[in-house]
Engineer: 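Sharing a structure, written as structure tokens. Questions coming.
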Amino acid sequence: MQTNLLNRQSICRGHFPAHVTRETFGTSSRGQRFSVSNSVTDRQWILGNTEMIVAAEFKDNATYEQIIASLESLGIQITFDRLVSYEQHLLKLGILQIDGMDDCRRDPFTGFNFRGFSPLVILTLWRGNPDAWARRLLDRFPKGIVCVVGWIFVSIAISTIAVTVFLWPSLVEGAQRAISGWGWLGLYLLTLASGIVHEAGHILACRAQGVRIRETGFAIYFLLPFAWTKPDSKNWEKLTLKSRVTAILAGPIASLLFAAIGYLLFLTGPFLGIGEYIPIITIMAGLFGAIVTLMPIINGDGYLLIVEIFGIPNVRRKSFEYFRDRLLSRTVEASDQGVLYITVAIISIVGWVALWFGVAWFLITSIVAVLYE
């Protein structure tokens with residue numbers, strides 16, 4: 001609907017749904033912000049203070065004139081055209097909802113809406129709150145011991161990277177022999193196990209720094225395993241940048257520890273009576289869990305590092321909007337982050353294409369290998 005078809009007396013198109021929750025957080029340096037979550041679509045956004053105030057004014061049956069008047073009473077001046085434009089923006093994001101229209105779950109990686117096919121795209125295996133057990137586990141040990149163990153894990157992770165680089169040709173050759181036929185199933189199951197270890201790293205790192213965990217989950221995305229951990233926003237924002245980066249990197253470090261177990265099994269395999277395949281697959285599963293999540297093309301650890309280091313919430317969405325406006329030769333506001341936006345947009349687009357082709361290749365080769373095994 002175009003702006004010229006509306007007037008100040010028109011009832012606004014969207015409204016702020018009851019199932020969309022908001023949580024205040026922020027620091028003096030980063031400013032007050034809001035974590036907005038939709039429990040139906042399982043999506044989350046970060047809004048500034050003014051953005052949140054305006055969004056919350058879109059109530060059922062409210063007219064644009066009423067919203068403008070209410071905002072003016074709060075000291076916020078906004079034109080009718082600007083309000084309609086912002087409403088369209090919030091509708092596009094999914095923060096506002098139109099009655100009678102489906103509020104469907106979106107792909108957590110790309111943001112696409114698969115509507116009726118969502119259950120086929122994302123199959124949730126488990127979701128819960130591991131905060132209590134993580135707190136009890138860490139309470140058993142003095143803080144100094146936890147810190148020392150953490151540095152030992154970091155050392156092992158760095159050593160794992162060094163060994164992988166040194167043995168890479170042999171590792172690739174061994175993987176070609178091990179990951180074929182039913183070896184794909186072993187890689188699949190061990191990758192899922194690596195994901196559990198990965199999220200445990202995030203959970204323990206957060207709890208060690210006093211950050212509560214809201215939720216952890218494991219799911220199958222297009223037949224590929226993935227997992228997530230959601231820390232408490234208020235606790236998270238109280239951390240320094242260094243502490244937030246530490247908590248983010250704890251996941252990939254845990255995956256590298258999983259790969260280190262594979263190297264240990266490789267060395268002791270003959271004594272334990274196991275062959276070459278299990279150690280190689282364990283190594284590959286751990287490396288997969290560390291490398292893939294650090295790729296900024298998905299909403300994983302690499303993307304979170306960009307958000308935290310540059311201090312730009314929703315950087316991918318802003319990058320796409322900036323990139324689109326530049327391609328269409330639209331007038332865009334001058335931004336110091338222009339180069340960053342263009343880089344993130346291009347890497348995301350190219351990476352998604354490569355990822356989809358990779359998933360297709362994985363599925364096709366796996367099916368063919370099993371059928372002709």
Side-chain angles (χ1 to χ4, degrees), residues 1-104 106 111 113 232-234 236-238 307 310-322 324-325 328 330-338 341:
M1 183 181 296
Q2 301 298 321
T3 304
N4 57 11
L5 298 180
L6 300 170
N7 58 64
R8 292 171 65 96
Q9 298 294 336
S10 300
I11 295 177
C12 55
R13 298 175 61 209
H15 68 276
F16 198 77
H19 58 263
V20 173
T21 59
R22 47 183 166 169
E23 181 180 359
T24 309
F25 65 94
T27 64
S28 58
S29 61
R30 294 161 67 90
Q32 180 172 316
R33 296 187 294 169
F34 288 83
S35 174
V36 183
S37 303
N38 189 319
S39 60
V40 174
T41 62
D42 199 22
R43 301 185 69 199
Q44 185 175 20
W45 308 267
I46 303 297
L47 298 181
N49 187 49
T50 302
E51 293 175 319
M52 184 69 254
I53 292 175
V54 177
E57 288 296 323
F58 284 91
K59 303 179 177 67
D60 288 332
N61 298 319
T63 65
Y64 294 106
E65 184 176 46
Q66 291 172 338
I67 295 177
I68 292 173
S70 178
L71 291 174
E72 287 179 350
S73 68
L74 297 173
I76 299 175
Q77 302 293 326
I78 188 170
T79 65
F80 169 70
D81 289 341
R82 178 62 178 167
L83 181 63
V84 173
S85 177
Y86 189 59
E87 179 191 36
Q88 293 173 343
H89 177 66
L90 294 177
L91 285 169
K92 183 179 179 180
L93 290 178
I95 298 175
L96 297 185
Q97 182 178 340
I98 298 177
D99 286 335
M101 295 186 65
D102 293 334
D103 194 8
C104 299
R106 293 175 181 266
N113 192 332
D232 181 82
S233 299
K234 290 183 179 180
W236 181 259
E237 283 295 310
K238 293 178 181 178
V307 171
F310 290 96
I312 306 176
N314 307 315
V315 64
R316 197 190 310 280
R317 172 179 61 79
K318 294 176 181 177
S319 298
F320 282 144
E321 292 175 353
Y322 184 88
R324 177 198 60 200
D325 291 340
L328 298 177
R330 295 177 180 174
T331 302
V332 296
E333 296 181 2
S335 174
D336 295 335
Q337 291 82 27
Y341 289 158

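Note that the structure is a prediction, hence the values are computed from the model and not measured.
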Engineer: Please report the interatomic distance CD1(I312) to NZ(K318), rounded to the nearest 0.5 Å.
Structural biologist: 7.0 Å

Engineer: Please report the closest heavy-atom contact between C12 and I67, naming both atoms and the distance.
Structural biologist: SG-CD1, 4.1 Å

Engineer: Considering only heavy atoms from C-beta outward, does the side chain of E51 approach that of H89 to under 4.5 Å?
Structural biologist: no

Engineer: If you define the side chain from C-beta out and look only at heavy atoms, does anything of E72 sit under 4.5 Å from Q77?
Structural biologist: yes

Engineer: Measure across L91 and Q97 and return the closest heavy-atom pair with its distance rounded to 0.1 Å.
Structural biologist: CD2-N, 4.1 Å

Engineer: State the CD1-CG distance between I76 and L83, to the nearest 0.5 angstrom.
Structural biologist: 11.0 Å

Engineer: Rounded to the nearest 0.5 Å, what separates atom NZ in K59 from atom CD1 in I11?
Structural biologist: 14.5 Å

Engineer: Quick check: closest heavy atoms across E57 and A62, and the distance to 0.1 Å?
Structural biologist: O-CB, 4.3 Å

Engineer: Using only heavy-atom distances, determine whether the side chains of E87 and Y64 contain a donor-acceptor pair under 3.5 Å.
Structural biologist: yes

Engineer: Out of curiosity, L47 CG to I53 CD1, how far, rounded to the nearest 0.5 Å?
Structural biologist: 11.0 Å

Engineer: Would you indicate whether the side-chain heavy atoms of I95 and F58 approach each other to under 4.5 Å?
Structural biologist: no

Engineer: Of the non-hydrogen atoms in A55 and L96, which two are nearest, and what is the gap between them?
Structural biologist: O-CD2, 3.9 Å

Engineer: Any non-hydrogen side-chain atom of V54 less than 4.5 Å from a side-chain atom of Y86?
Structural biologist: yes

Engineer: State the OG1-CD1 distance between T79 and I68, to the nearest 0.5 angstrom.
Structural biologist: 7.5 Å

Engineer: If I take atom CD from residue Q66 and atom CD from residue Q9, how far apart are they, to the nearest 0.5 angstrom?
Structural biologist: 8.0 Å

